[in-house]
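A, B, ... follow the sequence lines: proteins, then strands. Residue 1 opens every chain.
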Amino acid sequence: MEDKKITVAHVQLSSCCGCLISLADTYEKFPDILSSIDLVYCQTLMDAREIPEADVILVEGSVCLEDHHALEVAREVREKGKTVVALGACAALGCVTRFSKGGQMPKPVHGSFSSLTEIIRCDLAIPGCPPSPELIVEVITAIIRGDKEYLKPFIRYGECKHESCGCDLIVNVINKSLCMGCGICSASCPTRAIEMIDGRPLISPHLCVKCGVCSFQCPRIEI
Amino acid sequence: MDPLGNYKSIISARATDKRILKRAQDGGIVSAVFIYGLENNLLDGAVVASKEKNFKPVPKVATTPEEVLEAAGTKYTVSPNLSVLKSAIREYSCEKIGVVGTPCQIISTRKALKYPLGFRHLVDKIALLVGIFCMENFPYMGMKIIVEELCGVRLEDVVKMDIGKGKFWVYTKWGEVKSVKLKMTHPYEQSSCHVCTDYTAELADISTGSVGSPDGWSTVIIRNHRGEEIINNMIEEGYLETRPIDEGKFGLGILKKLALTKKEKNMKEIEHRKKLGLPVPPDVCGLLQ
């Protein structure tokens, strides 16, 4: 007898779709994932107009406060999803949308973006711009298995409602006498904003997109 | 407390290749393993700590035995090896990567393998983790003070540094040997090392270092199947010669003693920092006991 598959929906708010692309970037594993779940809503991949109730709703993107539609979708997601996952740094931490100030066409008044975690309660949040395909697969697998231990960091990120920045490394690691100069933060940065100088990370604020990856990968911070 | 972590076996070994022994710190295990890996298609790249003038460490992706040889020898300062981890798979297109690192760097790598958030398509390309024994490390300027001010030697003249018999040793290209008591070097250690309880890189596939073996030999801790396979093949094919590890006071005894000393000393520091309300490193991959 086949176990009942969990139903999964993918909802996009203000984002670039990179997190979904990252999930699809698992090549041959992607069909396996699709066949191990029951995808019920995903505007990019399928034709379903209404967000249905689902075991897991993956939400990518931050929430534009001037867009009442976005706020309604956020609320709807919370009502219909048993487990709501903020997928990627825009939903989890705000990421590059933190730099938005409005004034752009065609919606010049759309200028206030908050992370999904600030707007609704998220059961899990995954930082990263985008999170790697392998990590997304691990998280989905852990959700299916009910592996709370593996999900711990993502539960914690779901609870945190603040932004993240490369500079967090200075405050939380270097200033606290914890940085030993391994260099993993530098390698993990998607924009190469971190250079190792004299065995410590030097963060370029002009390149940092506030995705939170560096702090997440640091072995000296509790995640 | 288990001083050495999980392992299958411990041996003393050294490389048979004279080119390696000439440049290596002790038995040349790390160089030999990587060269064996590159020559036998088990690896196509290795993340190593190479060096520039004046012992300035430079993390590097070595793709040839020559590059591995260039990086041989211990640098007693911080080399952020893992900063080139992603370059290895992107710029260098490596698919079978060996990584050498201090215990903390091996911990970082294991964490990245468990949670590869910022590492797309990396996990299945890490082929081997080689850890080196490490008590503590020095910032570059700390090392410079030890060499130039305490030992009275210009860094540009130094060909090798070593720690042993309670002293920090400096060898110059003029053949001079200078040393200073290890106690004198303590003020120049980086303080973040004092909350680390891993001496023997317990999460590596293979760990190696000088402690526990005679001069010119290295102690090799084989921790899992992956490590065992490569070491056994190297012995069989003549890349390594071995001798049984000395089970006594100057072999396993001293190794366990030093590993335990680091754990006990630094657990105290961790407790001290907790009392002050300061953060301490988390238990990554269940390493801290």
> Below 4.5 Å from any heavy atom of chain A, which atoms of Pro139(B) appear? Answer side chain, backbone, both or neither.
neither

> Which of the residues Ser22(A), Gly199(A), Gly128(A), Pro127(A) is involved in the greatest number of heavy-atom pairs with chain B at under 4.5 angstrom?
Pro127(A)

> Please look at Cys189(A) and chain B and tell me whether the side chain, the backbone, both or neither of the residue comes under 4.5 angstrom of a heavy atom of that chain.
backbone

> Asn81(B) and Gln105(B): which non-hydrogen atoms are nearest, and at how many Å?
N-NE2, 3.5 Å

> Given a strict heavy-atom distance threshold of 4.5 Å, which part of Leu178(A) is in contact with chain B: side chain, backbone, both, or neither?
both

> Passes salt bridge (Lys or Arg N to Asp or Glu O under 4.0 Å), Arg273(B) versus Glu269(B)? Steps please.
CA-CA 6 Å; Arg273(B) 290 197 190 183; Glu269(B) 172 66 13; 2.8 Å; yes

> Kindly say whether the aromatic ring centers of Tyr115(B) and Tyr150(A) come within a distance under 6.0 Å.
yes

> With a 4.5 angstrom heavy-atom cut-off, is it the side chain or the backbone of Thr77(B) that approaches chain A, or both, or neither?
neither

> If you count heavy-atom pairs within less than 4.5 Å of chain B, which of Gly181(A), Cys129(A), Pro201(A) leads?
Gly181(A)

> What residue in Ile136(A), Ile221(A), Val173(A) has the most heavy-atom pairs under 4.5 Å with chain B?
Ile221(A)

> Quick check: are there more than 12 heavy atoms from other residues, nucleotides or ligands sitting under 6.0 Å from CG of Asn6(B)?
no

> Is the backbone N or O of Ile51(A) less than 3.5 Å from a side-chain atom of Lys80(A), with the two atoms forming a donor-acceptor pair by type?
yes

> Quick check for you: among Ser186(A), Pro131(A), Cys182(A), which has the greatest number of heavy-atom pairs under 4.5 Å with chain B?
Cys182(A)

> Looking at every heavy atom in both Leu128(B) and Val33(B), which two are closest together, and how far apart are they?
CD2-CG1, 3.4 Å

> Please classify the contact between Cys218(A) and chain B as side chain, backbone, both or neither, with a heavy-atom cut-off of under 4.5 Å.
backbone

> Keeping Ser100(A) on the side-chain end and Thr97(A) on the backbone end, is there a donor-acceptor pair under 3.5 Å?
yes

> So, the side chain of Glu148(B) versus the backbone of Leu155(B): is there a donor-acceptor pair under 3.5 Å, distance only?
yes

> Sort Ile223(A) into side chain, backbone, both or neither according to what part of it lies under 4.5 angstrom from a heavy atom of chain B.
side chain

> Looking at Gln217(A), Glu138(A), Glu134(A), Arg192(A), which has the largest count of heavy-atom pairs under 4.5 Å with chain B?
Gln217(A)

> For His194(B), which atoms come within 4.5 Å of any heavy atom of chain A: side chain, backbone, both, or neither?
neither

